[in-house]
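Comments concern the structure below.
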Amino acid sequence: MDNSKPCIVQHDRMVLLECGHCAFEEAREQLSFYAELVKSPSSFHTYRITPLSLWNAAALGWSATRVVDSLHSMSRWDVPLGLIQDIRDLVSRYGKLTLEVDPNVPYQLILKSADTQLMDEVIQRVGMLLLGMRRISMTEMAFHGARRGWMKQELTRLGYPVIDLAGYDDGQRLSFSWKEAGAKESFQLRDYQKDAVKAFEGLPGSGGSGVVVLPCGGGKTVIGMAVMERLQCETLILTSNTTSVRQWMDEIALKTTLVASEIGEYSGQRKEVKPVTVATYQILTHRRTKDSEFEHMKLFNERQWGLIIYDEVHLLPAPVFRATAEIQATRRLGLTATLVREDGCEQDVFSLVGPKRYDMPWRQLELKGWIAKVDCVEIRVPMSIDLKDKYHCAEGKHKFRIAAENPAKLTVISRILQQHPQSCVLVIGQYLDQLEWISASIGAPLISGKMSQQERNGLYDSFRRGEVRILVVSKVANFAVDLPDASVAIEVSGSFGSRQEEAQRLGRILRPKSADNRAYFYTLVTKDSKEEDFAIQRQMFLIEQGYEYAIQVQPDPDMLTSINMKDRYIKGGHILQ
DNA sequence: CACGGTGGAA
DNA sequence: TGAGCTCCACCGTG
């Protein structure tokens, strides 16, 4: 055993990383390339090496040897031989199969592999299902190009992801450029943004489809536009909501020579199809009734798109995968801050949009000063004795809510507000009752989905101007792209364990700060309740990105204090000005 | 036809 | 494990 090493590598593909070890940071960085974090109890982070995590590494150019060497250099004991073999096997599978066009038969593709045994297996496994597929030699199989996406999906499921070299249609040409240097709007791509664009383009023949992972505030729209600018073609942009649709349109009009008449909005309100069209996912998947057809999917074929951009690709809904399978000859760029999905469709993103081409760890952007340095604190707030009784008597499904709405959280909120007397603060939560109560108690306005868009905008503006220092916000914070930036966020409750949600919320305070470039993220969790477990699950993604949550445990309650507090509220008095 | 409100879907 | 929010289509108004 070698205690100078931070990891324990197990034969079941799990890797335990000791927190607080002096080589922790470096090991975390290495693991982030080829493993995914699955658990993070206090003393050891648990990573899992999965086929998909290895294939994404392979797509970034990692060899099996490099993965094994990396593990070996961090492992306390010898890396299990079985695991080494697994890694060699899995990594080698990536690219055993390639997809190319048949130079002789139009619309025909050829699946190739030097491994004839593998070819036999593929024929056996997918051959029956696919009409018109035929073997043309020991190492080659031909099929119709319309099945390209379907084939890639099947082969990934089979465990042999194919490298797609069949190329792309360039689509209708569209000439434009960045607004010229010297103009007021001119700007420079940051180095990492240039790298991301280059990584997406790949070497000639490869690239042209895949995912770029960047934190909130990393400039994803800029990367999308930069890819468009390189390709000079008509482009379809899909994104999550109408505000984001307008943002894309505004950004494009502002930074490029494209003019408004060339940029269309395809949403519930407008149905424009122009050389650059921005649409919501929701309109594509909209159906009048449960089993009528998707009437807007035709958008994919309404023009000769040369590029499709999937903004927030982690939200891509299942029916859009199906449509995506049919347009594999079109270049595809996925953009996201968190490639993790809670529904296990990572594999479909991988096979249909493409592998991860670029990933910038959040902490590296922080070091360079592109985003704020954030202190994350988890505060464990005990329940009063009354509440403990209520909690233990409640049925399973009510327990979580009782814990989440623990009124003792209010004292902590007040204390935090006092600690940051000058800062702009967002109080973010899940339950409207709780938020209304908090809003009334601290005398700060509440923004929820009930509030009209106009009223929201008014409050956003006051907040931006500094007239309102504290905003209480519901789940609107998860969606509202126009919510102003703050430097302190207090999460008072959250949903079961959505890693995405936590990332979104942290993203609200990541924009660089003028003075010391620091921000604070507090998450309030009721001690000894189910909420603790969900909090851990939520935090997973950010821990994977290298954030650490300092844990503060509040002393057990003085029962009188919390009763007093409730009385004061009921009498309508504000606890804090 | 521009609205605001309602109900269904995810 | 479920509450909350958004988006879309429809249907009234004036």
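Here is how names work: the chains are called A, B, and so on, in the same order as the sequence lines, proteins then strands, and each is numbered from 1.
- The shortest distance between the side-chain N/O atoms of A:Q282 and the OP1/OP2 oxygens of B:dA10 is not below 4.0 Å.
- Aromatic rings from A:F400 and A:F534 are positioned such that their centres are separated by under 6.0 Å.
- Between A:T280 and the phosphate of C:dT6, there is no side-chain N or O to OP1/OP2 separation shorter than 4.0 Å.
- OP1 or OP2 of C:dC7 lies within a sub-4.0 Å distance of a side-chain N or O belonging to A:T242.
- Using a 4.0 Å heavy-atom distance criterion, A:Y281 is classed as making no nucleic acid contact.
- OP1 or OP2 of C:dA9 has not a single side-chain nitrogen or oxygen of A:R287 nearer than 4.0 Å.
- An OP1 or OP2 oxygen of C:dA9 is reached within less than 4.0 angstrom by a side-chain nitrogen or oxygen of A:H296.
- One side chain, A:S267 or A:E265, offers a donor N or O that lies under 3.5 Å from an acceptor on the other.
- Nucleic acid contact class of A:Y431 (heavy atoms, under 4.0 Å, all strands): sugar-phosphate only.
- Put simply, CG on A:L284 is 15 Å from C1' on C:dT6, counting in whole angstrom units.
- Between A:R456 and C:dT6 there is a side-chain N or O to OP1 or OP2 distance below 4.0 Å.
- Ranking C:dG4, C:dA9, C:dT1 by closeness to the A:K271 side chain, first place goes to C:dA9.
- For the residue pair A:Y391/A:H398, the side-chain donor-acceptor check at 3.5 Å is not satisfied.
- You cannot call A:F479 stacked on the base of C:dC5; the centres under 5.5 Å and planes under 30° rule is not satisfied.
- Taking the ring centroids of A:H420 and A:Y522, they lie under the 6.0 Å cut-off.
- Of the candidate nucleotides C:dG4, C:dT1, C:dA9, C:dT1 has the atom nearest to the side chain of A:F534.
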